[in-house]
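Because only heavy atoms are used, hydrogens play no part in the values below, and waters and symmetry mates are left out as well, while side chains stay in. Predicted model, so just to flag it, every value in this text is computed and none were measured. If you read the sequence from its start, that first residue is 1, and numbering goes on from there.
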Amino acid sequence: CRIRSDTAVMAREISVQELRKHNQPGDLWVAVSGIVYNVSAFANVHPGGAKVLEELGGHDVTEEFYELHRAEVLTRPGRERLIVGRLTGSEPTPSPTAVSEVPFSEIAALQWQQSPFFTASHRRFQSEVRQLVDELLSPIASSADLAGSYPDRELIRKLGASGLQACRLGPGPWMDDIEAMGIRLPGGVPPSEYDYFHEMIAHMEVNRLGRPGFIDSLGAGMMISAPAIYNFGTEEMKKNVGKRVILGEANSALAISEPFAGSDVARIRTTAVKTPDGRFWIVNGVKKWITEGCYSDYFVTAVRTGTDGAGGITMLLIERGEGVETSQIKTTYSTCPGTALVVFDNVKVPVENVLGKVNDGFKLIMYNFNHERWMIVQAVIAQARGAITDAFLWARQRKIFGKTLIDQPVIRNKLAGAVAALEAVQAYNETLTYDMCVAKDGPLGRRLAGPIAMLKYQSTRMGWLVADETVQIFGGRGITKTGMGARVEGFKNFVKYAAVYGGSEEIMADLAIKQATRNFPVNAKL
């Protein structure tokens with residue numbers, strides 16, 4: 001953690017005796033992790049009131065501080081102005097490493113495990129992505145998530161320029177264009193060598209933030225809509241829309257779900273009717289729960305152009321304009337990602353904006369579902385890992401009945417159950433990801449639909465267990481949006497989202513078993 005760049009001040013040693021002298025209102029010093037702070041002026045704006053600091057003034061309050069505050073508090077801008085020196089005899093605060101040493105806080109291959117999947121390229125990539133996340137996102141994640149504010153356009157442009165938007169789309173035809181866009185992938189990974197393990201790392205590093213609403217506002221809609229533009233759009237669409245979305249100059253969303261059609265996509269009612277001159281589609285209908293819909297510039301939209309059922313669906317690229325209205329839907333997590341009700345009222349769309357072929361849209365919708373579900377798995381695993389990490393740290397810091405929580409067998413049992421579930425899903429995840437890397441069609445082929453559905457099902461089942469155990473370890477802090485249990489509180493909300501969107505648990509389980517039984521040997525008997 002960077003606490004101060006002024007080495008002269010940090011070099012000043014403060015004895016315990018000198019620290020004790022500063023214990024009166026208007027003259028309050030405290031020590032935290034060996035660093036002495038003058039909190040005299042800060043006392044009046046302290047969230048817990050001045051009295052708390054007055055009672056602790058003149059003391060080393062490291063234990064009390066970490067019972068009430070996350071370590072990140074000491075990295076916030078302005079804190080360095082409070083530093084007066086270092087407590088005599090204290091050890092210098094170690095610089096953070098690219099990979100945490102806290103047990104189970106990282107993918108095992110990044111800590112201790114010998115892995116056939118992760119190479120030096122993946123480790124360089126992880127290091128640089130983490131640095132980008134720490135610089136661009138970590139300082140604002142909490143405040144933005146709590147405020148529910150939509151993402152700043154300049155921030156999205158920075159993410160685009162850094163390569164993070166392209167990285168989270170994964171391997172695909174867009175990788176052929178990013179160098180021409182001026183984008184360098186983190187870690188210097190050549191676009192031709194970028195694989196699904198790199199993408200896994202990119203998703204997990206962003207999701208370490210543990211603020212699901214804020215995370216989804218950074219491109220959740222883009223990640224499931226931009227592939228359709230590149231895979232099925234015209235060259236004009238790729239050039240004028242796809243490129244701008246990847247660079248963060250425009251936002252896009254996938255508009256499929258409706259009040260009458262969720263997992264049953266074939267039931268959509270939004271219509272598109274051609275004008276008599278054949279130049280435009282006139283679109284009417286309502287879409288619901290559209291992630292990033294409130295601030296998106298483009299909507300990759302499923303419309304009905306033919307008969308009932310899957311055979312009458314077409315995908316259109318609709319630009320925000322006259323007749324397109326969006327309004328915020330308030331859900332159980334932050335309003336940051338602009339989850340929207342989208343109303344199309346006689347919207348005129350050029351016929352050139354058809355993605356793929358007319359009445360062939362259902363296939364396009366299904367085309368990217370495997371990858372979308374796999375992306376959701378990465379988010380669940382990363383946020384579960386964040387919750388477990390915080391639970392471990394809290395269990396070692398928090399004292400109750402004269403012992404730290406980690407000294408209580410029941411707490412160790414809860415941690416063991418959560419970790420075992422997490423690491424089992426991660427192992428399953430890695431083997432399927434390898435399959436995606438070597439399969440001819442990557443995750444898009446029909447063969448992997450069932451296994452990826454089962455992986456998603458198991459990941460959200462794991463998520464429920466982890467959320468339950470970690471909330472219990474944190475107690476009241478685990479259901480509080482701020483403070484020590486913030487990532488746990490965020491995860492216990494997010495895991496229900498993951499169990500619903502991209503295909504509900506019930507649909508995933510059914511799909512996996514149905515696909516498995518298609519090739520069931522006819523003569524097999526018990």
Side-chain angles (χ1 to χ4, degrees), residues 148-151 153 156 212-213 215-229 232-233 237 241-242 244-245 249-274 280-305 312-351 353-356 361-362 364-365 368-369 372 376 497 500-504:
S149 53
Y150 298 157
R153 289 280 179 146
I156 301 302
I215 292 165
D216 278 359
S217 76
L218 304 174
M222 177 274 297
M223 289 185 285
I224 57 177
S225 57
I229 297 172
F232 306 109
M237 287 184 200
V241 180
R244 292 180 60 221
V245 167
E249 296 171 355
N251 291 314
S252 63
L254 184 66
I256 295 177
S257 297
E258 299 182 359
F260 292 100
S263 295
D264 189 2
V265 174
R267 292 185 63 206
I268 66 163
R269 297 188 180 186
T270 297
T271 60
V273 179
K274 267 189 183 178
F280 298 95
W281 294 100
I282 303 300
V283 179
N284 285 282
V286 179
K287 298 294 181 179
K288 196 170 185 181
W289 304 292
I290 307 306
T291 305
E292 297 199 284
C294 283
Y295 49 82
S296 279
D297 305 291
Y298 298 93
F299 299 86
V300 173
T301 309
V303 297
R304 185 161 300 286
T305 52
I313 295 174
T314 299
M315 295 297 288
L316 291 179
L317 180 65
I318 301 177
E319 186 174 4
R320 183 183 288 272
E322 185 177 354
V324 179
E325 293 186 7
T326 57
S327 56
Q328 178 76 52
I329 297 175
K330 290 192 175 181
T331 62
T332 55
Y333 76 168
S334 173
T335 55
C336 279
T339 306
L341 181 75
V342 183
V343 178
F344 298 110
D345 185 7
N346 288 324
V347 180
K348 186 182 287 188
V349 181
V351 293
N353 282 26
V354 170
L355 293 157
F362 188 80
L364 274 62
I365 295 170
N368 200 54
F369 256 153
E372 177 185 349
I376 293 169
Y497 274 79
V500 172
Y501 67 16
S504 69

Which residues share a side-chain hydrogen bond (donor to acceptor under 3.5 Å, both in side chains) with [X], sequence neighbours left out:
| X | value |
| --- | --- |
| Glu258 | Thr270, Lys287 |
| Tyr501 | none |
| Asp345 | none |
| Thr335 | none |

Would you please name every residue forming a ring-ring contact (aromatic ring centres under 6.0 Å, His included) with [X], sequence neighbours left out?
| X | result |
| --- | --- |
| Phe232 | Tyr367 |
| Tyr150 | Tyr295 |
| Tyr497 | Tyr333 |

Which residues satisfy the side-chain contact (heavy atoms from CB on, under 4.5 Å) test with [X], sequence neighbours excluded?
| X | result |
| --- | --- |
| Ser149 | Ala144, Ala147 |
| Ala226 | Leu169, Met222, Val245 |
| Ser296 | Asn251, Ala253, Glu292, Phe299 |
| Ser327 | Leu341 |

Original post:
Can you check whether Ile268's main-chain N or O pairs, donor with acceptor, with Arg304's side chain at less than 3.5 Å?
Top reply: yes

Original post:
Pairs in or reaching into residues 312-327: which pass salt bridge (charged side-chain N to carboxylate O under 4.0 Å, His left out), with residues at least two apart or in two chains?
Top reply: none

